[in-house]
Amino acid sequence: MEQKFIFIFVFITLFFSSKAQQDTLFYENFNSWPFQEMDSIFLTYDEDNMADYNGLPGNWFVANFANSGADSLEVVAMSSSWLSNFANGNRNHMQLPGLYIADTNAVLSWRSAPALGALYMDGYTVIASTDSLCLYYVGGGCPYDTLLHFAQNINNNETQFSSGIQHQTFDLNVAINITTSTQYPGLLTPSQVSLRDYAGQRIFINFLHNSDDDNYIAIDDILIKGTKVITDIEEVGSTSEETFKLYPNPSNKEINLDLSTLKSSVQNIRIYSSLGQEVLSVISNNYNKTETIDISTLNKGIYFVNILTDNGLLSSQFVKN
Ligand SMILES: [Ca+2]
Ligand SMILES: [Ca+2]
Ligand SMILES: [Ca+2]
């Protein structure tokens, strides 16, 4: 009798775990980040390069949401659209590292909130591209898809919004008056989109804050679930025969290539930009067990390291931040 009970218990456990087989491909809640820094795994780009009205950073930064609502203490990624002289044209990009989407199961989810609304409610756009540098020329011919677009308030009128999804969740216990109408603090609200269209591709997801003369937006708990593929290794280059390690990644000064596990000799090491241009090379007759390469002169971005050995070409990639 006792054995039977145990058998049933094991069966139920296996059943539920097989239903929840999705791997976490990416997760960031920003909670342990130093405030006002955004130089980690994300690639950020301040396209407008205009000054903020309240002296906030012109680009994405990390801080407490601090909008007086119930989510004020959450540590989030934030971006301001309230620019000096009430200028329009705010465009701040926050791009995730490249992710290989193995199959049609992958789903991106996150939480977001405008600082307040309805008047001066911030909107934003979530973009996916197969081009790692797309954030530098969105609107200038780069191929990308809009995954989701949130409406912004327009015309200084609390009833008028641009196209897109209108953020609906506000803390109605806290009334704020920036002008004559009453606003309420936004509450972090979940969204999710399927990434099924990108099965078999490496994609770059970009949170583009493109609101004009509003306040600020918060993004938190960015999560990508899907099927992890062992061959999609960000930091370890390998063929069936050979493997090497690359660290630290991301880096802004130098990278180390641990070649000690290679069985065959290295012929050359070349670093390419994501546009395919060779930017650095190390050609030697005698490579160290660990080759340190100075990358301080490279622009921010994603780079590929190719190591040609007698056994074939090994490739890996890193982010210069
Ligand atoms: Ca958080
Ligand atoms: Ca900006
Ligand atoms: Ca606006």
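Side chains included, hydrogens not; waters and symmetry mates left out as well; all remaining heavy atoms used. The structure displayed is predicted, hence computed values, not measured ones. Whatever order the structure lists them in is the order used to number ligands and atoms, beginning at 1.
- In summary, Ser211 places no N/O/S atom under 3.0 Å from the Ca ion (ligand 3), failing the contact criterion.
- Among the atoms of Ser80, none of the N, O or S atoms falls under 3.0 Å from the Ca ion (ligand 2).
- Checked against the 6.0 Å centroid criterion, the rings of Phe207 and Trp110 qualify as a close aromatic pair.
- The nearest N/O/S atom of Asp46 to the Ca ion (ligand 2) is OD1.
- Seen from the Ca ion (ligand 1), atom O on Asn29 and atom O on Val75 lie at an angle near 90° (rounded to 10 degrees).
- Put simply, Asp220 gets within reach of the Ca ion (ligand 1), with an N, O or S atom under 3.0 Å from it.
- With the Ca ion (ligand 2) as the vertex, atom OD1 of Asn92 and atom OD2 of Asp48 span an angle of 80° (nearest 10 degrees).
- Look at Glu47 and the Ca ion (ligand 2): no N/O/S atom of the residue is under 3.0 Å from the metal.
- The ring of Tyr136 has its center closer than 6.0 angstrom to the ring center of Tyr45.
- Between the OD2 atom of Asp214 and the OE1 atom of Gln152, the angle taken at the Ca ion (ligand 3) works out to 80° after rounding to 10°.
- Among the backbone and side-chain atoms of Asp52, no N/O/S atom is found under 3.0 Å from the Ca ion (ligand 2).
- When the shell of 6.0 Å around CG of Asn299 is examined, it contains 12 or fewer heavy atoms from other residues, nucleotides or ligands.
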Stepwise side chain to side chain contact (heavy atoms under 4.5 Å, CB included) test for Phe42 and Val62: CA-CA 12 Å; Phe42 294 88; Val62 173; over 6 Å; no
Show your reasoning for whether side-chain hydrogen bond (donor to acceptor under 3.5 Å, both in side chains) applies to Asn92 and Ser79. CA-CA 7 Å; Asn92 292 340; Ser79 166; 2.9 Å; yes
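- In the model, Asn288 has no side-chain atom that pairs as donor or acceptor with a side-chain atom of Thr290 under 3.5 Å.
- Donor-acceptor pairing under 3.5 Å is recorded for the side chains of Tyr198 and Asp145.
- Checked options Asp221, Asp71, Asn29; the residue passing with Arg111 is Asp221 (criterion: side chain to side chain donor-acceptor pair (under 3.5 Å)).
- The Ca ion (ligand 2) does not have Leu83 among its coordinating residues (no N/O/S atom, backbone or side chain, under 3.0 Å).
- Checking Asp122 against the Ca ion (ligand 3), every N/O/S atom stays at or beyond the 3.0 Å cut-off.
- Looking at Asp212 and the Ca ion (ligand 3) together, the shortest N, O or S contact belongs to O.
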